[in-house]
Amino acid sequence: MDHNPDDHRQAADERCSLVGLAALALIVGAATGWVGAIFRLLLEQADRLRDAMIAWAHGNAIWGFLVVIGVCAVATLVAAWMVRQFSPHASGSGIPHVEAVLHDQIPPAPFGLVPVKFFGGLLAIGSGLALGREGPTVQMGAGIAVFVARVCRLCWADSRVLLAAGAGAGLATAFNAPIAGLVFVLEELVQRFEHRVAVAALAALTTAILVARLFLGDAPDFQVGPLSYPTAASVPLFLVLGALAGLLAVAYNRTLLAAIAARDRFGSLPIELRAGLIGASVGLLAWFAPELVGGGDQITQRALIGHESLAIVGFTFLIRFGLGPLSYAAGTPGGLFAPLLVLGAQSGLVFGVACRVVFPGLAIQPEAFALVGMAAFFTGVVRAPVTGIVLVAEMTGNVTMLLPMLGACFVAMLLPMMLRNAPIYDSLREHTLRLERQIRQK
């Protein structure tokens with residue numbers, strides 16, 4: 001059989017290109033891991049400072065009350081100003097923007113997005129907005145990848161691969177979940193398996209997690225007690241939980257989009273003023289209930305150990321269900337994943353406690369339902385079931401609930417699809433594209 005020399009040269013060039021791309025992905029991953037780890041550590045410090053400020057304020061009556069509201073309002077206002085002034089695409093999660101770039105719908109943002117996302121995210125989430133750290137780290141990872149690709153003068157095909165890898169490294173760093181980062185890239189970002197993307201993502205994830213764990217340690221984000229494997233009799237209950245999560249997800253998606261639409265209706269007001277008013281309302285809540293504001297990891301942890309009363313969990317769920325969309329409407333940097341995990345854990349815990357009362361003979365562990373609820377609610381909102389399952393398993397270090405999570409996520413994904421409710425990032429990407437058109441018109 002004759003072999004075309006051109007084919008051999010092309011194959012050799014592709015292999016060399018892949019090796020070079022993987023080497024750059026290692027650099028992008030290390031940089032993303034470092035930036036993401038510092039971002040996460042500074043957010044933890046911001047939470048401590050906010051709590052200390054509120055504790056001080058309660059000893060100073062009226063002045064303290066005004067200080068808490070004023071600081072939260074100003075921090076949110078400044079974050080929104082940074083976004084409008086320096087990088088409009090840094091608003092919100094950033095994941096819809098990354099997806100739009102990967103689908104060739106808009107060009108990549110300039111590198112200035114990265115510092116805006118970093119410092120704007122610190123101000124917004126640190127002030128108490130119910131936003132997640134993963135949106136900023138995903139978009140910062142993508143931004144770092146774009147910068148490296150431009151410096152190395154890569155073609156768009158290679159730049160795209162590096163961008164996806166950097167974004168996955170950002171998610172992995174945010175939650176100390178490397179496998180979830182890889183699945184997220186393939187399932188949510190590019191939405192198909194691409195060998196070059198997989199290789200680059202694996203390289204970036206390796207160095208990202210290695211560097212991040214030097215700062216953050218390697219323990220799972222959440223501590224969960226021993227959970228028994230579910231009995232066959234309890235499996236239908238997890239399917240019902242999936243249905244509940246799917247319906248709640250539809251309601252949450254609609255609430256989030258309605259909050260953004262309501263903000264846009266006040267277009268005559270500067271975006272900074274609108275953000276400041278939202279920040280002030282969050283500050284008001286923080287004065288009365290400081291444990292309810294912020295990213296919410298501590299709320300998720302309490303649900304996973306099941307040490308709170310049903311009334312408190314139910315009240316917290318209702319507050320956070322409204323606080324998340326309100327916070328997102330501020331237009332500051334901040335993600336959705338962490339707030340979704342809060343709501344999923346709480347709804348699962350409430351359902352689990354109710355099942356234990358109704359079916360006392362099944363030896364039900366409500367904490368198991370809280371864990372499954374995290375994956376199910378995430379799936380209902382985002383429609384990325386494998387990412388949700390792997391993410392929850394890695395964040396909790398628990399694999400005994402994989403089968404219930406599969407069943408619950410199946411139903412949680414089916415119901416919103418039957419109700420024709422679009423995945424949240426699809427809806428937010430449309431909003432991102434409208435923003436891009438407005439920017440070009442200016």
Side-chain angles (χ1 to χ4, degrees), residues 39-60 64-80 91-93 119-136 174 221-222 252 255-256 259 263 274-304 308 311-347 349 374 377:
F39 183 72
R40 183 167 173 176
L41 290 173
L42 289 177
L43 279 179
E44 292 173 359
Q45 184 63 31
D47 286 343
R48 287 191 288 268
L49 287 175
R50 185 182 67 247
D51 291 340
M53 177 188 69
I54 294 171
W56 166 85
H58 276 278
N60 292 271
F65 176 77
L66 295 176
V67 165
V68 170
I69 293 179
V71 168
C72 293
V74 170
T76 307
L77 184 152
V78 172
S91 67
S93 165
F119 294 106
L122 286 178
L123 287 170
I125 304 172
S127 69
L129 297 188
L131 300 171
R133 59 184 177 270
E134 81 295 328
D221 279 14
F222 299 121
Y252 190 81
T255 303
L256 180 61
R263 176 202 67 192
R274 285 175 276 173
L277 291 173
I278 291 174
S281 64
V282 173
L284 179 63
L285 175 62
W287 168 267
F288 292 104
E291 69 280 1
L292 295 185
V293 301
D297 279 3
Q298 75 284 0
I299 305 175
T300 303
Q301 180 61 70
R302 290 198 298 269
L304 289 172
E308 289 188 319
I312 292 176
V313 174
F315 174 76
T316 302
F317 175 85
L318 292 176
I319 294 294
R320 293 286 303 194
F321 195 93
L323 185 62
L326 177 67
S327 299
Y328 199 87
T332 61
L336 293 174
F337 279 26
L340 295 183
L341 298 178
V342 172
L343 296 173
Q346 290 184 310
S347 58
L349 181 64
M374 292 167 68
F377 187 73

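FYI, the numbering just counts along the sequence from 1.
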Pairwise distance CZ(R302) to CD(Q346) - rounded to 0.5 angstrom: 8.5 Å
Please give me the minimum heavy-atom distance between F39 and I125, naming the atom from each residue. CZ-CD1, 4.5 Å
Mind listing the closest non-hydrogen atom pair of Q298 and V293 along with its distance? NE2-O, 3.8 Å
Side-chain contact, heavy-atom cut-off 4.5 Å: D297 with F222? yes
Give me the atom names and distance for the closest heavy-atom approach of C72 to G279. CB-O, 3.4 Å
Where is the tightest heavy-atom contact between D221 and Q301, given as atom of each residue plus distance? O-OE1, 4.2 Å
Candidate pair V78 and F119, rule side chain to side chain contact (heavy atoms under 4.5 Å, CB included), full reasoning: CA-CA 10 Å; V78 172; F119 294 106; over 6 Å; no
Give, for atom CG of L77 and atom CD1 of I278, the distance between the pair rounded to the nearest 0.5 Å. 11.0 Å
Identify the heavy atoms of M374 and T300 that sit nearest to each other, and give their distance. CE-CG2, 3.9 Å
Test side chain to side chain contact (heavy atoms under 4.5 Å, CB included) applied to N60 and F65, step by step: CA-CA 8 Å; N60 292 271; F65 176 77; over 6 Å; no
Taking C-beta and beyond as the side chain, do H58 and V68 meet within less than 4.5 Å on heavy atoms? no
How many angstroms lie between CZ in R274 and CZ in R263, if you round to the nearest 0.5 Å? 6.5 Å
Approximate separation, where rounding is to 0.5 Å, of R50 CZ and D47 CG: 4.5 Å
Would you give me the side-chain donor-acceptor pairs under 3.5 Å for residues 318-345, sequence neighbours excluded?
| residue | atom | partner | partner atom | Å |
| --- | --- | --- | --- | --- |
| R320 | NH1 | L292 | O | 2.8 |
| R320 | NH1 | G294 | O | 2.9 |
| R320 | NH2 | G294 | O | 3.1 |
| R320 | NH2 | G295 | O | 3.1 |
| S327 | OG | A130 | N | 2.9 |
| S327 | OG | L323 | O | 2.8 |
| Y328 | OH | S93 | N | 2.9 |

Closest non-hydrogen contact found for S127 with V282 is O-CG1, 4.3 Å
Can you confirm whether F315 is buried at CZ, in the sense that more than 12 heavy atoms of other residues, nucleotides or ligands lie under 6.0 Å from that atom? no
